[in-house]
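The block underneath contains the structure these notes are about, expressed in structure tokens.
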2 protein chains.
Amino acid sequence: MRLIVARCSVDYSGRLNTHLPLATRLIMIKADGTVAFHRDIQHAPLNWMSPPCTLTVEQPDEESASAGVIEHWRVTHAKTGDALLVRIYEVLHDSAHELGVDPGLQKDGVEADLQRLLAEQVDVIDPRATLVRREFPTAIGPVDLLLRNPDGGTIAVEVKRRGDIDGVEQLTRYLELLNRDPHLAPVAGVFAAQEIKPQAKVLAGDRGIRCVILDYEGMKGTESGAPRLF
Amino acid sequence: MRLIVARCSVDYSGRLNTHLPLATRLIMIKADGTVAFHRDIQHAPLNWMSPPCTLTVEQPDEESASAGVIEHWRVTHAKTGDALLVRIYEVLHDSAHELGVDPGLQKDGVEADLQRLLAEQVDVIDPRATLVRREFPTAIGPVDLLLRNPDGGTIAVEVKRRGDIDGVEQLTRYLELLNRDPHLAPVAGVFAAQEIKPQAKVLAGDRGIRCVILDYEGMKGTESGAPRLF
DNA sequence: AAATCAATCTCGTAC
DNA sequence: GTACGAGGTTGATTT
């Protein structure tokens, strides 16, 4: 990885056009060809180019040179034709480092974990409900959980980490479809998430969909095979 | 901005839990407190902490020390309680740089630009239509463009850069609402985007919504006050 | 390879 | 300060 601190301006042309005025920034050039421009706040780069791309250094034209530009860096994407033109005015730091391969990030607590835990603890939804299956297939995609409703029919559960309006729309489409199946109807809907946004709660209410807030840490605490003591 | 290349492991605890095994990485510490961990590929950091957060350096406990850890860095979010524990095994580079304030990124060609251009060129939708107004207000949010339909009633236009199923759902909700207004009904729907995904096109067709592909560069070419020559 | 979907999404802006 | 929506979203998984 090469780290350069430089006064520069950057023009991007691709899916849109952008311009970064002259300022001092960190330029990262990674081993896979990635080029990224960082300011001194926030963690996202202001601009970047993803691999596969190539960087070529050019002498500035006369106009640029007279404006103080010492080099032009042209970064071109090999496939899409997206292009960056970097005007380098001054290099304040330039170092290179061998990082090697990174073993990558291990995660726990994403949506897949929530769904797995909830499938093992469907009593969180309804103490008398039983699991029919996870990822119940339909023509428009799998329903996260399908439960047998002790009061008759079934319950379709949509699991999200954060519940917004899109999730309610998605569950609504599943419910329309599932309710046409006489083996399953009537199908009740449950929207289960660690957090549900107000608009989503309102829309769910309008459509007769019940909302359930999930406590991941609590559910994880009861995950172990041992049943609760009391 | 402080740039550190170090052999380290990182544990994050917050909205989820994550672990980064021991490896050599770039650690960025920005002026606003942001801490980010980069590997040598891709532009996104493997792990990070957003401000407001504080970094404290601690001596490693005996167990860590015997494993080769020379320092513990604890990064704690001031409000959410999210926490990072960084185990530093070896520092290979450490430098600090004054970047100053960045003027920020200037963009051209985002959704707002599309909407503005289309408002000036509604003939792209229908050669005889005329603009009623942009951002036409409704109880559930503003409709991007409302046009007078020369064949009677009005046309509601939803503008997106990339059209997917969500945009069709959104326009559908607007149409339901607008069609209840006798001053506007009948309201036809138009879904306008630079690119429309197949599923969105199918859903729009089912609902009688017309799809229009927008050519941003072409529309920009006719933007200037001068009318076309032919 | 294309499409679909989650994300510690990030980041801006309007309310 | 919170909520909402766009993004050169990115990145992983599935078809």
Side-chain angles (χ1 to χ4, degrees), chain A residues 10-18 34 36-37 39 41-51 53 75 77 79-84 104-105 107-115 135 140-142 144 158-167 170 193-202 216, chain B residues 10-18 20 34-37 41-51 53 75 77 79-84 104-105 107-115 135 140-142 144 158-167 170 193-195 197-200 216:
Chain A
V10 185
D11 286 274
Y12 165 75
S13 168
R15 279 163 283 188
L16 51 59
N17 298 316
T18 71
T34 297
F37 301 84
R39 54 179 162 177
I41 60 169
Q42 299 179 342
H43 84 256
L46 279 163
N47 218 327
W48 69 93
M49 186 69 83
S50 301
C53 62
V75 185
H77 194 278
K79 295 188 172 179
T80 62
D82 291 20
L84 287 176
L105 186 66
K107 297 185 182 186
D108 171 47
V110 293
E111 184 184 299
D113 299 312
L114 263 184
Q115 190 195 115
E135 301 285 349
I140 56 172
D144 288 340
E158 178 67 30
V159 182
K160 293 282 180 204
R161 218 170 50 77
R162 295 192 176 180
D164 61 8
I165 213 163
D166 291 352
Q170 192 179 344
Q194 284 184 282
E195 179 196 342
I196 298 181
K197 294 190 177 172
Q199 272 206 353
K201 203 169 288 187
V202 171
Y216 181 71
Chain B
V10 184
D11 285 274
Y12 165 74
S13 169
R15 281 164 283 189
L16 52 61
N17 298 315
T18 70
L20 277 175
T34 298
V35 181
F37 301 84
I41 60 169
Q42 299 181 342
H43 82 256
L46 279 163
N47 218 326
W48 68 92
M49 185 70 81
S50 301
C53 63
V75 185
H77 194 278
K79 297 187 171 181
T80 62
D82 289 22
L84 286 176
L105 187 66
K107 296 184 181 185
D108 171 49
V110 293
E111 187 186 299
D113 299 312
L114 264 183
Q115 191 195 114
E135 301 286 348
I140 56 171
D144 289 338
E158 178 69 29
V159 182
K160 293 283 179 202
R161 219 170 48 79
R162 292 189 179 181
D164 62 9
I165 212 165
D166 292 351
Q170 192 179 342
Q194 284 183 283
E195 178 196 342
K197 292 188 179 174
Q199 271 205 354
Y216 182 71

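Residue numbers begin at 1 in each chain, while the letters A, B, ... track the order of the sequences. Only this structure's heavy atoms are used, side chains among them; waters, hydrogens and symmetry mates stay out.
When rounded to the nearest whole Å, the span between CD of E135(A) and C1' of dT15(D) equals 15 Å. Put simply, NE2 on H43(A) is 18 Å from P on dG7(D), counting in whole angstrom units. One atom, CD of Q170(A), and another, P of dA6(C), lie 6 Å apart when rounded to the nearest Å. Rounded to an integer number of Å, the gap from CG of D164(B) to C1' of dT4(C) is 11 Å. One atom, CG of L114(A), and another, P of dA6(C), lie 12 Å apart when rounded to the nearest Å. In this structure, NZ of K160(A) is placed 8 Å from P of dC5(C), rounded to the nearest angstrom. If you measure from atom CD of E158(A) to atom P of dC5(C), you get 10 Å, rounded to the nearest angstrom. In this structure, CG of L46(B) is placed 10 Å from P of dG11(D), rounded to the nearest angstrom.
Of the candidates dG8(D), dC4(D), dA1(C), the closest approach to any side-chain atom of P198(A) belongs to dC4(D). Closest to the Q42(A) side chain, of the nucleotides dG12(C), dG1(D), dG8(D), is dG12(C). Relative to the side chain of R15(A), the nucleotides dT10(D), dC11(C), dG7(D) differ in distance, and dT10(D) lies closest.
No engagement by I41(B) is indicated, since no non-hydrogen atom pair under 4.0 Å with the nucleic acid exists. Nucleic acid contact for M49(A): base, since at least one base atom lies under 4.0 Å from a heavy atom of the residue. Within the 4.0 angstrom heavy-atom criterion, no nucleotide atom of any strand lies near S50(B).
Between K160(A) and E158(A) there is a salt bridge, since a side-chain N of the basic residue sits under 4.0 Å from a carboxylate O of the acidic one.
Across H43(A) and S50(B), no two heavy atoms sit closer than the pair ND1-OG, 4.2 Å.
Toward the 5' end of DNA chain D, the nearer of the two residues K197(A) and W48(A), judged by each one's closest nucleotide, is K197(A). Toward the 5' end of DNA chain C, the nearer of the two residues Q199(B) and R39(A), judged by each one's closest nucleotide, is Q199(B). Comparing A44(A) and V110(A) by the nucleotide of DNA chain C that holds the closest heavy atom to each, the one mapping nearer the 5' end is V110(A). Across the interface with DNA chain D, nearest-nucleotide mapping of K107(B) and E195(A) shows E195(A) to be the residue nearer the 5′ end.
Annotation: side chain of D82(B) is in contact with side chain of R15(B) (closest heavy-atom distance under 4.5 Å). The shortest distance between side-chain heavy atoms of Y216(A) and D108(A) falls below 4.5 Å. Taking the side chain as every heavy atom from C-beta outward, F37(B) and L84(B) approach each other to under 4.5 Å.
Taking atom P in both dC5(C) and dG8(D), the straight-line distance is 22 Å, to the nearest Å.
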